[in-house]
Trainee: 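Structure incoming, see below.
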Amino acid sequence: ENKAHSDAVPGDAPTTEGGKRTDLLPGFLDSKSGKARDTVTSPADSRAQSASLPSSVSQYAIIVNPVQKQNPLVRHIRNVPWQLGDVVPDFVLGRTTCAMFLSVKYHSLHPNYIHERLKQLGKQYELRVLLVLVDVSESQGVLQELAIIGLLADCTLMVSWSYEEAGRYLETYKAYENKPPDSLMERVDSDFSSRAVECLTTVKRVSKTDVATLMNTFKRMDSIVAASRQDLALCPGLGPQKAQRLHDAFHEPFRKKERKD
């Protein structure tokens, strides 16, 4: 159950700039003028634009809020279809998934914008992505602030460094909308040799060749674990440093004891 509340994201009443509500601006700046694009479309217009497309496309397409029509990101949505629609989020990626877009530079100029947009979103959608474009040289402080905002609003923060990368994130969310969880999981071979290689190569500088040497020498995994540093170092190509690291990995406690002053 989505536990996000509309009052979880602080914000004042919609602010205005030059007579325009900043909560209706698109979250990005015009690349030439450096100003927020005035691309607000009335709900009636957006419904007409969406209705001109075949209804069968909707379930396979990313639905784009009309205010994002001029966003350069949209040009990079190439591998899945998209269409305009009368939706609250900037992008609807599935029945339970949406995304809100924001550039760091825009947030610096309009800090109340994202608060108002998230208030409008309310409790809608189970997976809510806050897609942030880093378009300034110093962004650490702003990203920390947006991470807190995302946490309070029950949003997943995704950070991109180009419009193309941001577009790929949206494409991926849409493409994997109906995929089972195991399609995202790492595929690991089930045979013993592969599992042994996966385990032992997590030790620094231990290679697959080293694992093959260890298995040929000791035959069993428990024999490798029980071997002394000296026995491990005698394996061809291993040497004292790798032997020390392996022995420490097997015998040091998982949690180090805190020092008492």
Side-chain angles (χ1 to χ4, degrees), residues 1-4 79 93-94 96-97 99 125-132 134 139-162 164-166 168-261:
E1 182 180 354
N2 192 339
K3 298 181 180 179
N79 297 313
L93 308 173
T96 60
T97 308
Y125 301 94
E126 295 177 11
L127 175 58
R128 302 131 61 86
V129 178
L130 178 55
L131 181 57
V132 176
V134 177
S139 60
Q140 183 175 355
V142 177
L143 290 178
Q144 289 177 342
E145 177 190 349
L146 292 174
I148 295 173
I149 292 173
L151 183 65
L152 293 174
D154 196 20
C155 291
T156 298
L157 180 66
M158 297 294 292
V159 181
S160 61
W161 273 260
S162 69
E164 182 176 7
E165 182 183 1
R168 292 297 300 274
Y169 283 144
L170 295 182
E171 289 177 346
T172 302
Y173 272 111
K174 184 60 182 178
Y176 281 86
E177 177 187 3
N178 298 311
K179 299 286 186 181
D182 56 4
S183 66
L184 302 176
M185 297 173 63
E186 181 182 4
R187 287 172 173 76
V188 179
D189 294 328
S190 58
D191 62 285
F192 175 74
S193 297
S194 299
R195 301 288 292 273
V197 168
E198 181 190 10
C199 173
L200 295 177
T201 52
T202 59
V203 179
K204 188 176 180 180
R205 299 291 177 86
V206 175
S207 65
K208 293 182 179 180
T209 302
D210 295 329
V211 175
T213 301
L214 288 167
M215 294 304 298
N216 288 333
T217 302
F218 295 98
K219 309 301 181 185
R220 295 166 54 92
M221 189 68 179
D222 57 352
S223 298
I224 298 175
V225 174
S228 65
R229 295 183 185 86
Q230 293 77 16
D231 291 338
L232 292 171
L234 291 175
C235 292
L238 221 63
Q241 287 189 341
K242 289 182 182 179
Q244 180 70 48
R245 291 194 183 101
L246 275 170
H247 190 271
D248 290 346
F250 295 143
H251 297 283
E252 284 189 348
F254 287 106
R255 299 181 62 181
K256 294 183 177 180
K257 295 182 180 180
E258 296 182 0
R259 293 181 180 180
K260 294 183 180 180
D261 297 331

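From a predicted model like this one, the values you see are computed outputs, not experimental measurements.
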Trainee: Between Ser160 and Val132 (side chain of the first, backbone of the second, donor and acceptor by atom type, cut-off under 3.5 Å), is there such a pair?
Mentor: yes

Trainee: Nearest 0.5 angstrom please: Leu93 CG to Leu127 CG, how far?
Mentor: 8.0 Å

Trainee: Give the intermediate values and the outcome of side chain to side chain contact (heavy atoms under 4.5 Å, CB included) for residues Tyr173 and Leu131.
Mentor: CA-CA 12 Å; Tyr173 272 111; Leu131 181 57; over 6 Å; no

Trainee: Do Thr213 and Asn216 pair up side chain to side chain, a donor and an acceptor below 3.5 Å, judged on atom types alone?
Mentor: no

Trainee: If you round to the nearest 0.5 Å, how far is CD of Glu165 from CE of Met158?
Mentor: 8.0 Å

Trainee: Using only atom types and a distance under 3.5 Å, with no angle test, would you say the side chain of His251 pairs donor to acceptor with the backbone of Ala226?
Mentor: no

Trainee: Backbone N or O of Arg205 within a donor-acceptor pair of the Arg245 side chain at under 3.5 Å?
Mentor: no

Trainee: How far apart are the closest heavy atoms of Ala99 and Leu170, and which atoms are they?
Mentor: CB-CD2, 3.8 Å

Trainee: Of all heavy-atom pairs between Arg229 and Asp248, which one has the smallest distance, and what is that distance?
Mentor: NH2-OD1, 4.0 Å

Trainee: To the nearest 0.5 Å, how far apart are CG in Asn79 and CZ in Arg168?
Mentor: 6.0 Å

Trainee: Do Leu200 and Ile224 have side chains that approach each other closer than 4.5 Å (heavy atoms only, starting at C-beta)?
Mentor: yes

Trainee: Hey, could you give me the NZ/NZ distance between Lys204 and Lys242, rounded to the nearest 0.5 Å?
Mentor: 12.0 Å

Trainee: Quick check for you: to the nearest 0.5 Å, what is the distance between Lys208 atom NZ and Asp210 atom CG?
Mentor: 12.5 Å

Trainee: Ser223 and side-chain contact (heavy atoms from CB on, under 4.5 Å): which partner among Met221, Arg220, Lys219?
Mentor: Arg220

Trainee: Which is it for Leu246 and Leu214 under the side chain to side chain contact (heavy atoms under 4.5 Å, CB included) test, yes or no, and what are the steps along the way?
Mentor: CA-CA 11 Å; Leu246 275 170; Leu214 288 167; 3.7 Å; yes

Trainee: Where do Gly94 and Glu177 come nearest, in terms of heavy atoms and distance?
Mentor: CA-OE2, 3.2 Å

Trainee: CD/Gln144 to OG/Ser139 distance, rounded to the nearest 0.5 angstrom?
Mentor: 9.5 Å

Trainee: Quick check: are there more than 12 heavy atoms from other residues, nucleotides or ligands sitting under 6.0 Å from CD of Glu145?
Mentor: yes

